[in-house]
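When a ligand or atom number is given, it counts from 1 through the structure's own listing order. Positions are given from 1, in the same order as the sequence printed here. As a basis for the values below, the full set of heavy atoms in this structure was taken, side chains included, without hydrogen atoms, waters or symmetry mates.
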Amino acid sequence: MLGEAVKPPTFKAPAHHIGVTSRVGTWLGITFGLCFVTGLLSHGVQHDWPWPTRPVDLYRVTQGVHVISGVASIPLLLAKLWSVYPKLFERPLVRNVPHALERGSILVLVAASFFELVTGLFNAAQNYPWSFYFPTAHYAVAYLAIGALLIHIAVKIPVVRRTLEPPSEERTVLSRRAFLRTTALTTGVAIVTTAGVTVPWLRDISVLAWRSPGALPVNRTAKAANIVVPPDWRLKAGPKSYSLEELQAMPQTTVELPIACVEGWSQNATWTGVRVADLVHKGDVRVESLERDGLYRATTLPEAFAQDPLTLLALKLNGEELTPDHGYPCRLIAPNRPGVLQTKWVTSLEVR
Ligand SMILES: Nc1nc2c(c(=O)[nH]1)N[C@H]1C(S)=C(S)[C@@H](COP(=O)(O)O)O[C@H]1N2
Ligand SMILES: [Mo]
């Protein structure tokens, strides 16, 4: 008898099952969605979108969600790619026009996602090993990623629907579950070990947090910003001007407000100083610092913020005179504002 053509058993690793891909893909869709929306908000707030003064912690929360969902996306994206990689090399590369479009969108999606996650991570680590301007590039590529993602979801929704139903075979189901559990666990570990940069009660266990717990971090030091405070320094405020002693003699207010850095860390502190509303008339207020150049040397404080009773020209941090690195002789602190707009080394306030 001629040997029967016995088909060798095809081994399919459990992770490459479409049900796994669907599930990880759904999680990734959620973290990407959160990251995109909070990223848009962050960009908007820094570019004069209307933004409320309350709750005082809102920006801290949205930026925290941005960073945490970004960190969570890294293991999820890797798991997702792992679960589909045999398909990425399928032949023929292109079957027809819709297929070509679908593959093209996946290429854009993968490339844009990697770009966003890698640049975001480097940004949080305050490391800029590239020559483009981070906010513009990160913002523009986010649209590419989300556009490609929407196409991908539209194409895949029927498949996802079908495959999320409970599968039948016991053994492979178990190993698929194990893969999903590992993915979930890795994502959880990534979150817990880093989220302490912004979530106070995670500080002690966030061993990979890029900002140490305890004292308020310094983003740009006085030395890096070339700050020299002239001996005859006075704050210009509209038509008036004040020496530091005169500011100290005015009614002082103490507030507890966070610095929520766009680079991902945030921390509360106690600030004492003079209300901006006591120094200038109503209107948007241009805040200038002693810094000569540098992207964040000056900001505009919208009227609602300038008139807010919590908005201070702070002279003290946690009860002590400001150190040079935190903005001596005085710095702006306002509720619900990104750290980049909390100008240090202030030298003039001007109603626009
Ligand atoms: N003049 C000036 N103010 C500045 C900056 C700057 O570069 N120049 N950096 C800002 C950024 S990015 C942040 S997060 C906060 C940090 O304040 P801190 O260093 O006191 O914690 O200061 C802000 N104020
Ligand atoms: Mo910042």
Item to check | Proximal atoms of ligand 1 relative to V218 (non-hydrogen, under 4.0 Å) | outcome: 19 (O)

Item to check | Approximate separation, where rounding is to 0.5 Å, of E256 CD and D57 CG | outcome: 9.0 Å

Checklist entry - With atoms numbered from 1 as shown, which atoms in ligand 1 lie under 4.0 angstrom from a non-hydrogen atom of S289? => result 1 (N)

Checklist entry - Does the salt bridge (Lys or Arg N to Asp or Glu O under 4.0 Å) test come out yes or no for R275 and D308, once each step is laid out? => result CA-CA 8 Å; R275 284 195 174 126; D308 194 290; over 6 Å; no

Next on the checklist: Do T343 and S289 pair up side chain to side chain, a donor and an acceptor below 3.5 Å, judged on atom types alone?
Outcome noted: no

Next on the checklist: Please check if the number of heavy atoms outside R95 that lie under 6.0 Å from its CZ is greater than 12.
Outcome noted: no

Checklist entry - Less than 3.5 Å between some nitrogen or oxygen of W345 and one of ligand 1, yes or no? => result no

Checklist entry - Can the ring centres of F115 and F132 be said to be less than 6.0 Å apart? => result yes

Next on the checklist: Suppose we measure from atom 5 (C) of ligand 1 to each protein heavy atom; which comes out shortest, and what is that distance?
Outcome noted: Y296 CB, 4.1 Å

Item to check | Pairs touching residues 139-161 that satisfy ring pair (Phe, Tyr, Trp, His ring centres under 6.0 Å), sequence neighbours left out | outcome: F36-Y143, H43-Y139, Y139-Y143

Checklist entry - What residue and atom, counting heavy atoms only, is the protein's closest point to atom 12 (S) of ligand 1, and at what distance? => result V340 CG1, 3.4 Å

Next on the checklist: Can you confirm whether N96 is buried at CG, in the sense that more than 12 heavy atoms of other residues, nucleotides or ligands lie under 6.0 Å from that atom?
Outcome noted: yes

Checklist entry - Short list, please: which atoms of ligand 1 are under 4.0 Å from a heavy atom of C261? => result 14 (S)

Checklist outcome for this item: Numbered in order shown, the ligand 1 atoms found under 4.0 Å of a heavy atom of T343 are 1 (N), 3 (N), 24 (N)

Checklist entry - With atoms numbered from 1 as shown, which atoms in ligand 1 lie under 4.0 angstrom from a non-hydrogen atom of L216? => result 21 (O)

Next on the checklist: Regarding atom 17 (O) of ligand 1: of the candidates E263, R337, H326, R331, which has the closest heavy atom?
Outcome noted: R331

Next on the checklist: Pairs of nitrogen or oxygen atoms closer than 3.5 Å, one from W265 and one from ligand 1: do any exist?
Outcome noted: no

Item to check | Protein contact of atom 10 (C) of ligand 1 - nearest heavy atom, named by residue and atom, plus distance | outcome: G339 O, 3.5 Å

Next on the checklist: Is it true that, when you exclude H281 itself, more than 12 heavy atoms of the residues, nucleotides or ligands shown sit nearer than 6.0 Å to its NE2?
Outcome noted: no

Item to check | Per atom 3 (N) of ligand 1, closest listed option by heavy atom (K344, E291, R220, E288) | outcome: K344

Item to check | Neighbour count above 12 (heavy atom, 6.0 Å) for W201 CH2 | outcome: no

Checklist entry - With only distance considered, is P217 within less than 3.5 Å of ligand 1 through an N or O on each side? => result yes

Item to check | Proximity of A225 to ligand 1 by residue part, where a heavy atom lies under 4.0 Å | outcome: neither

Next on the checklist: Below the 3.5 angstrom mark, is there an N/O of Q342, backbone or side chain, next to an N/O of ligand 1?
Outcome noted: yes

